[in-house]
Amino acid sequence: MRGADYVIKRTIFAVVTVFVALTINFIIFRAAPGSAVSNLARVPGATHALRAELEHEFGLDKPKLQQYFIYLGQLAHGNLGVSFASQQPVSHELLQALGNTIPMVLLGTLFAIGFGTFTGILAAYRRGTAVDKASVSTGLFFYSLPTQWLGLMLLLIFAGTLPSGGRVDAFLFNPTPLQHILDVLKHMLLPSLTLGLVLYGEYTLITRSAMLETLGEDYILTARAKGLSDRRIVTRHAFRNAMLPITTLIALSLGYIVAGSILIERVFSWPGIGQAVYYSVQNRDYPMLQGAFLLLTLSVVFFNYVADLLYFKLDPRIRE
Amino acid sequence: MSAVIQEEPGVLEGATEGRRRSTIWQILKDRPSTLVGLGVLGFFILVAGLAPHIAPYGAHTQVGAPFAPPSPKHPLGLDDGGIDMLSLLMYGARASLLVGFGATAIALLVGGSVGILAGYYGGRTEGILMRITDYFLVIPDVPLMIVIAAIWGQSLLHIILIIGFLLWTWTARVIRAQVKSVRERVYVKRARALGAGNGRTIFRHVLPQIAPLLVASIVLTIAVAIFDETALAYLGLSDPSVISWGKLIKNASDAAAVSAGAWWAIVPPGLCVAVLILSCTLIGQVLEDALNPRLRASYLAARGFRIRRVAREEG
């Protein structure tokens with residue numbers, strides 16, 4: 001039963017990683033200079049008694065270990081605290097931000113997967129030709145660009161033709177649902193394109209090397225010896241096997257994309273997780289920052305786990 | 001899948017001091033693009049070192065109107081404070097490269113030690129060290145950098161430390177795999193049979209063998225570190241008093257260079273970063289590819305969404 005073994009091992013790893021992340025999250029913010037009450041206690045006529053009172057109210061006078069368990073208990077109930085800046089529950093704010101981030105990231109990723117895998121396959125198939133060289137150079141070029149800079153370049157190029165920031169047009173009064181969707185899509189185009197181009201390079205290079213690896217396998221030689229057409233070899237024999245690393249890598253990268261979109265959302269003032277992280281850094285809004293970091297870590301751990309399971313599903317060799 | 005390490009005959013095996021150097025050189029020489037990469041890297045290092053002497057103007061002296069376009073006197077125009085862009089770029093190279101090299105040194109020290117210890121001693125040491133590495137690998141480093149930098153306060157030293165201590169995981173994994181294979185080579189076993197201690201075996205016999213891979217690891221880490229610096233700077237987490245390329249991009253963006261149409265304030269710093277990352281990637285990937293074909297696609301992510309190696313090692 002190696003298969004069950006594998007799944008159990010990966011599950012344990014994912015669960016432990018979540019705990020490691022939670023613990024890091026707890027420690028980092030406890031190590032922050034000042035405590036949650038130092039700002040609140042900074043009022044005219046504040047006394048040490050008030051400070052102690054506040055500390056008691058926030059549970060900061062309890063032993064650290066107990067605080068840790070209280071923290072875990074609250075998290076289990078979905079309580080991430082209250083944002084210093086907006087006085088709203090962090091979980092509520094984050095969910096809203098996530099709802100804005102996901103469509104933007106999805107559009108960009110789909111773009112990258114579509115074009116990236118296509119040029120990657122083409123480059124591997126036409127290995128050593130001008131097509132290959134051009135795809136690899138373009139891929140490396142986009143891969144090397146600083147994300148925020150690429151976004152700013154697109155802004156320079158499309159200044160005037162496409163909206164430069166935000167999610168909706170503030171001057172569009174009482175839009176019909178269709179108008180609203182078109183408006184959001186229009187705003188989404190540039191941030192998604194930035195993400196798409198940045199990922200495009202990566203996906204092209206990865207697809208190409210995965211394809212090259214499978215094209216070198218013995219069964220490709222067999223297929224060729226059988227007299228199959230090149231097209232059939234590439235689509236039916238090589239690509240289907242190259243899908244394994246590609247799918248895993250896409251699943252893995254999805255988790256990081258949410259984190260990577262911080263810069264993009266900042267450039268285009270897209271009101272998602274990244275923007276939330278930026279504002280909480282600016283305002284030193286620790287509960288918000290803590291919640292956002294937790295969410296980003298969880299997304300990475302989650303997609304890692306998905307990638308592991310996909311790997312298990314796609315690769316029969318693990319199940320033997 | 002078990003971790004079967006292939007030996008690459010001819011590249012690493014039995015290389016003497018002289019031959020090893022010529023191997024790196026040969027790999028680089030056979031691919032002209034890496035020579036370009038090396039040239040660019042050298043050029044930037046030179047410019048950074050000589051900045052105070054060759055910069056036409058000071059990094060803080062206003063020499064004209066804000067966002068004055070390029071002119072013969074100022075080939076790259078002026079920034080929002082009326083400071084010469086070309087001079088700023090030269091001074092900016094200093095901090096960017098300092099972060100690149102400083103963070104890489106830390107990453108190399110930590111990652112290299114972990115990789116060598118895990119690969120050389122194996123067993124429980126390896127299990128524990130690699131488990132720790134795995135956890136660090138999964139936690140997204142750019143958000144963690146942001147969180148730590150936000151709490152710790154902005155300074156150049158902090159940036160270097162934060163980036164360095166979060167970038168060691170890849171080096172550790174790559175080095176471990178290589179050390180494991182070198183350890184099993186006949187000449188290492190022979191040296192041990194002759195009574196060489198662990199320290200001597202590691203430093204005299206194992207380390208020289210993995211040197212080329214270390215070089216590849218160094219160049220690739222430099223690229224990632226410089227990339228991360230621009231990201232932190234863009235979010236306002238870099239040292240406010242230090243000029244770096246990342247800071248220049250942020251300044252131009254904050255000063256609305258885009259809507260002012262002042263492309264000269266925003267294109268050059270990003271281009272410098274891109275060209276530097278491209279050169280490092282070219283050098284590093286070619287070296288890595290040539291030395292260890294199994295590690296292909298490993299470093300294909302300079303940005304936060306880093307990607308794991310294609311081949312996984314499951315026990």
Side-chain angles (χ1 to χ4, degrees), chain A residues 6 9 13 16-17 20-21 24 28-29 31-33 140-141 143-150 152-153 155-156 159 164 198-199 202 205-206 209-210 213 245 248-249 252-253 255-257 259-260 262-263 266-267 277-278 280-282 284 286 289-290 292-293 296-297 300-301 304 311 317-318, chain B residues 1 131 134-135 138-144 146-153 223 227 230-231 234-237 245-246 249-250 252-253 257-259 261 263 266-267 269-271 273-282 285 296-297 300-308 310-312 314-315:
Chain A
Y6 175 83
K9 254 170 95 176
F13 178 73
V16 175
T17 315
V20 171
I24 290 180
I28 290 179
F29 285 89
L140 270 176
F141 171 73
Y143 163 74
S144 300
L145 296 180
T147 318
Q148 71 277 28
W149 186 73
L150 180 61
L152 291 167
M153 288 302 104
L155 270 184
L156 266 177
S164 65
V198 156
L199 287 176
E202 221 166 303
L205 297 172
I206 287 164
S209 67
E213 228 157 273
T248 328
L249 287 165
L252 277 178
S253 70
Y256 289 105
I257 291 168
I262 295 174
L263 295 166
R266 175 70 199 121
V267 173
V277 168
Y278 177 73
S280 51
V281 166
Q282 291 303 302
R284 295 297 186 265
Y286 288 159
L289 191 58
Q290 198 174 12
F293 176 65
L296 294 177
T297 315
V300 175
V301 175
N304 245 293
Y311 202 77
R317 281 170 295 188
I318 312 183
Chain B
M1 240 189 291
R131 218 357 85 80
D134 277 347
Y135 291 128
V138 170
I139 290 169
D141 38 8
V142 169
L144 188 56
I146 293 171
V147 168
I148 299 177
I151 289 175
W152 203 6
F227 181 92
T230 67
Y234 191 70
L235 297 173
L237 291 168
W245 288 336
I249 298 176
K250 184 204 164 40
S253 152
V258 169
S259 42
W263 55 265
I266 207 158
V267 175
L271 220 50
V273 177
V275 169
L276 190 63
I277 294 181
L278 193 61
S279 330
C280 289
T281 315
L282 280 178
Q285 269 185 346
R296 229 173 277 150
L300 288 182
R303 32 198 72 85
F305 20 99
R306 166 188 303 207
I307 277 169
R308 278 217 226 155
V310 180
R312 303 284 211 81
E314 292 305 332

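So that the names make sense, note that chain A is the first sequence line, chain B the second, and so on, each numbered from 1.
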| Residue A:V301 versus chain B: region with a heavy atom under 4.5 Å | both

| task | Could I get the full list of ring-ring contact (aromatic ring centres under 6.0 Å, His included) partners for B:Y135, not counting sequence neighbours? | result | A:F13

| What's the spacing between B:I146 CD1 and A:S280 OG if we round to 0.5 Å? | 9.0 Å

| said: Is A:Q282 close to chain B through its backbone or its side chain, or both, or neither, when contacts mean heavy atoms under 4.5 Å? | reply: side chain

| field | Contact class of B:I148 relative to chain A, heavy atoms under 4.5 angstrom | value | side chain

| Are side-chain heavy atoms of B:V267 and A:L156 found at a separation under 4.5 Å? | yes

| remark: Heavy-atom closest pair (B:Y234 atom, A:V267 atom, distance to 0.1 Å) is OH-CG2, 3.3 Å

| query | Is it the side chain or the backbone of B:L144 that comes within 4.5 Å of chain A heavy atoms, both, or neither? | reply | both

| task | Name the member of B:L282, B:L276, B:V275, B:L271 that forms the most heavy-atom pairs with chain A at distances under 4.5 Å. | result | B:L271

| query | Looking at B:A150, B:A252, B:C280, B:P269, which has the largest count of heavy-atom pairs under 4.5 Å with chain A? | reply | B:A150

| task | Kindly indicate, with the supporting measurements, whether the criterion side chain to side chain contact (heavy atoms under 4.5 Å, CB included) is fulfilled by A:V281 and B:L235. | result | CA-CA 8 Å; A:V281 166; B:L235 297 173; 5.8 Å; no

| remark: Applying a strict 4.5 Å limit to non-hydrogen atoms, the region of A:L150 in contact with chain B is neither

| message | So does B:I266 get a backbone contact from the side chain of A:W149, meaning a donor-acceptor N/O pair under 3.5 Å? | response | yes

| request: Kindly compute the distance separating CG (A:L140) from CG (B:L278), expressed to the nearest 0.5 Å. | output: 6.0 Å

